[in-house]
Amino acid sequence: MYSFKILKAKDGNDTLVYMNERKRYFLHSSYYPDKEAKEWADAIQINDESILIIYGVGLGYHINYLLNKLTINNRLILVEPSNEIFQFALNNGYYDKFKNRQNLYFISEESEEKLNVILQAYIPWDNFENVVYKEFKQYPNVFNKYYEIFNKCLIETINSMRINRNTALYFAEQWQSNFMENLEFVFRSVPVKSFFDVFKKIPAVIVSAGPSLDKNIEQLKEVKGKCVIICVGTALKALLQKNIEPDFVVSIDGGEKNFEHFDGCKINSPLVYDLTLYPKILKEYEGPLIIAEIASIYTKLFKDKLSLDFGKLSAGPSVANLSLDFAYMLGCNPIIFIGQDLAYLDNRTHASGTTYEKDRIKENSDEKEYIYVYGNYEEKVLTDRVLLSFKTWFENYIYGHQDRIYINATEGGALIKGTKIMRFKDVVELFMKRKINIKEEISSALKIGKIRLDQRQINDFKEEFENAIKKLEKIKNDCMRGAKLSKKMYNEYQKDVNADVSHITSILDKIDKRLKNSKDSFVYISSILNIVTTKILKGFKPETNETERQKKLRIAMMSYTLYQGIYDAIEKSLEGLKKALKTIDEIKQ
């Protein structure tokens, strides 16, 4: 028995009636569903880059009309909250005109956890600003519960993408500089894959620096040697202040402020890091180093040129997210969180003993948007968009890795879906009854996994850097010429829109061809190039009703910005590359 009926409308087309609690809702017009669909589609404004999300598909009349406005570049995401209607319409030919269209995706009646994962996959991270979200007629009212869930997931997904991209752009130059400086530490490190599955079925405690850590930090002394203690860099000083040395420290932040969490710390625990980490941390860290492929694309060089596979860890927007994947790859079970507030307890940002222990938020400030979410113990707790992106990442990860037990022993803070809420003392009693020789297992993995290179490998790596420097010098010269010619073309169009610039475009075509043939060398400047690419994609979109003159001037300036951007990126990178080459020479000797 269906919860809907197909009736004939006045114009002879099928229409759809949905029954809910004895109420009848026409999801298309009972008179003119085809006319209604055309009017609805005509009112939607899109451009060539738009990603359309439509809430409510029904029998698809409005989608058929919408197709006339789409180009092959547009992405179409269709959300049908009733799986019953979706299956019926799909199997009875209503979607035949569009179901096989390229760049079209269906979403139907999925759980909140799965929605987050699906939206992350369907919305391109570099184009989320172009999402056009439209509801069809009565759908938000009829399927209001799912509508609220979908809207929440969509907001969280776009928020997370915005934060991740802004972070990558903000730190682009810093990350690239860090890589060059950190090169020397690679050969003193142990690949993280040497630790994969070393602690199968052993409990892990991930210690974060949220305010609630104060409530159970003392209990960590009891569990030393009964579980794997993984500490995020921000919480390190708080633990050392209590004479607790974690089994692992995890840090990836490439900014200078990250050094404050390590400054003055004497510790023998291994540090899990990525090549983009702030270099001074590695220079002064006394314990062993464990290198992982995390956020840095530069590790690909070591894979390709030295056949070195460090092992990959999934990086979320926070170091705590990364620590979860590290615990998972260690084989740990259960995985327990403490100090993972993801919220502000009494307007505090961090636990006592941390660098930020005195920091307080101003809830009514205009500088930041604060919101309330469900808490572990309180009905609502205060958080912000950044912390919410951390929470969303945790929930997506847990949903995709359901073969472990996840326990949130943070005594306060925001609810992380997929975790079991327990007091830390109860977790200790239940899961940490026996002693384990954690230190011995770590020492063994460090010895076995040590990187050993022969002279041939180092010579190959040195040759790679020398060739990269030569190629980038040539590319730089080409880009300098390309920028000058693009500026000249712009000036020609300003004087006369019909100016003959064929001689300029002919030279630029040759330059472009050489750049494409040298694209392998761009890996060394890729972080900074992300800024250039974003500038091009976001800053040179065609205006509505653009004239021929405007179009030519826009393209000429876009060409100039591209060449000048690549030139600047190489200029900023060459000094670091030469320094890295010197480091390789020292290693060789």
Side-chain angles (χ1 to χ4, degrees), residues 112-113 116 148-149 152-153 155-160 162-164 167 205-217 219-220 230-239 250 253 261 316-324 335-399 406-424 426-427:
E112 184 174 337
E113 291 79 12
N116 276 317
E148 287 174 9
I149 292 170
K152 176 176 174 287
C153 292
I155 290 167
E156 287 180 3
T157 298
I158 291 176
N159 173 56
S160 180
R162 181 178 286 110
I163 289 166
N164 288 344
T167 301
V205 177
I206 297 171
V207 184
S208 295
S212 294
L213 180 60
D214 293 355
K215 297 179 182 180
N216 44 34
I217 191 169
Q219 290 173 288
L220 275 175
I230 301 167
C231 171
V232 305
T234 328
L236 180 59
K237 283 187 175 179
L239 263 62
V250 182
D253 191 340
H261 308 310
S318 89
V319 67
N321 296 149
L322 168 66
S323 298
L324 171 57
I335 298 172
I336 302 132
F337 301 101
I338 62 171
Q340 192 56 67
D341 289 61
L342 300 171
Y344 300 107
L345 176 67
D346 300 327
N347 288 3
R348 295 171 63 207
T349 64
H350 289 79
S352 303
T354 65
T355 307
Y356 306 129
E357 65 178 337
K358 293 180 181 177
D359 287 8
R360 300 290 183 272
I361 64 160
K362 294 176 182 176
E363 190 177 337
N364 299 318
S365 167
D366 292 335
E367 295 173 13
K368 210 171 189 181
E369 181 189 357
Y370 294 101
I371 48 180
Y372 283 91
V373 295
Y374 291 112
N376 290 320
Y377 296 98
E378 298 86 355
E379 185 181 348
K380 298 280 183 180
V381 292
L382 189 68
T383 189
D384 62 31
R385 293 290 176 198
V386 173
L387 293 179
L388 188 62
S389 73
F390 302 172
K391 177 174 131 60
T392 302
W393 191 95
F394 276 129
E395 291 172 346
N396 290 349
Y397 186 94
I398 290 168
Y399 178 79
Y406 302 92
I407 299 171
N408 197 345
T410 303
E411 297 187 16
L415 175 72
I416 301 173
K417 286 182 182 174
T419 61
K420 186 177 181 181
I421 299 168
M422 291 178 70
R423 301 282 181 188
F424 191 50
D426 297 330
V427 176

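Starting from 1, each residue takes its place in the sequence as its number. Owing to the predicted nature of the structure, the values given are computational and were not obtained by experimental measurement.
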Minimum heavy-atom separation for Val381 and Ala414, please, with both atom names. CG2-CA, 3.8 Å

In Å and rounded to the nearest 0.5 Å, what is the OH to CD1 distance from Tyr370 to Ile361? 4.5 Å

Under the rule for ring pair (Phe, Tyr, Trp, His ring centres under 6.0 Å), what residues qualify as partners of Phe390, not counting sequence neighbours? none

I'd like to check the ring pair (Phe, Tyr, Trp, His ring centres under 6.0 Å) partners of Tyr374; sequence neighbours left out, ordered by chain and number. none

Are side-chain heavy atoms of Val205 and Gln219 found at a separation under 4.5 Å? no

Work out which heavy atom in Ala235 is nearest to a heavy atom in Leu213; give both atom names and the distance. CB-CD2, 4.4 Å

Charged N to carboxylate O below 4.0 Å: is that the case for Glu148 and Lys152? no

Could you give the distance from CG (Asn347) to CG (Leu382), rounded to the nearest 0.5 Å? 6.5 Å

I need the Leu387 CG to Tyr344 OH distance, nearest 0.5 Å. 4.0 Å

Grab the two heavy atoms, one from Tyr377 and one from Gly412, that are nearest each other, plus how far apart they are. CD1-N, 3.6 Å

Hey, can you pull the donor-acceptor pairs under 3.5 Å for the side chains in residues 353-360, sequence neighbours left out?
| residue | atom | partner | partner atom | Å |
| --- | --- | --- | --- | --- |
| Thr354 | OG1 | Ala351 | O | 2.7 |
| Thr354 | OG1 | Glu357 | N | 3.4 |
| Thr355 | OG1 | His261 | ND1 | 3.0 |
| Glu357 | OE1 | Gly353 | N | 2.7 |
| Arg360 | NH1 | Glu357 | O | 3.0 |
| Arg360 | NH1 | Lys358 | O | 3.4 |

Under the salt bridge (Lys or Arg N to Asp or Glu O under 4.0 Å) test, residues paired with Lys417 that sit two or more places apart: Glu112

What residues, two or more places apart in sequence or in another chain, satisfy side chain to side chain donor-acceptor pair (under 3.5 Å) together with Asn116? none

Identify the heavy atoms of Gly413 and Ala343 that sit nearest to each other, and give their distance. CA-CB, 4.2 Å

Would you please name every residue forming a ring pair (Phe, Tyr, Trp, His ring centres under 6.0 Å) with Phe337, sequence neighbours left out? Phe394

For Ser160, the side-chain contact (heavy atoms from CB on, under 4.5 Å) test, sequence neighbours excluded, returns Gln120, Asn164, Ser389

Could you pull out all residues at least two apart from Ser208 that satisfy side chain to side chain donor-acceptor pair (under 3.5 Å)? Gln340

Does Ile398 reach the side chain of Thr419, with side-chain heavy atoms less than 4.5 Å apart? yes

Salt bridge (charged side-chain N to carboxylate O under 4.0 Å, His left out) pairs touching residues 389-398, sequence neighbours excluded, are Lys391-Glu395

Separation between CG of Asp426 and CD1 of Ile407, rounded to the nearest 0.5 Å: 10.0 Å

Output for pair (Thr383 OG1, Asp341 CG), nearest 0.5 Å, gives 9.5 Å

Once you round to the nearest 0.5 Å, how far does CG of Asn396 lie from CD of Glu156? 8.5 Å

Any Val250 side-chain heavy atom under 4.5 Å of Ile206 side chain: no

Kindly state each residue pair satisfying salt bridge (charged side-chain N to carboxylate O under 4.0 Å, His left out) with at least one member in residues 370-386, sequence neighbours excluded. Lys368-Asp384, Glu369-Arg385

How close do Leu345 and Pro211 get, heavy atom to heavy atom, and via which atoms? CB-CB, 3.8 Å

Just wondering, do Thr392 and Asn159 contact through their side chains at under 4.5 Å, heavy atoms? no

The criterion is salt bridge (Lys or Arg N to Asp or Glu O under 4.0 Å); which residues satisfy it with Arg423, sequence neighbours excluded? Glu411

The criterion is side chain to side chain donor-acceptor pair (under 3.5 Å); which residues satisfy it with Thr410, sequence neighbours excluded? Asn408

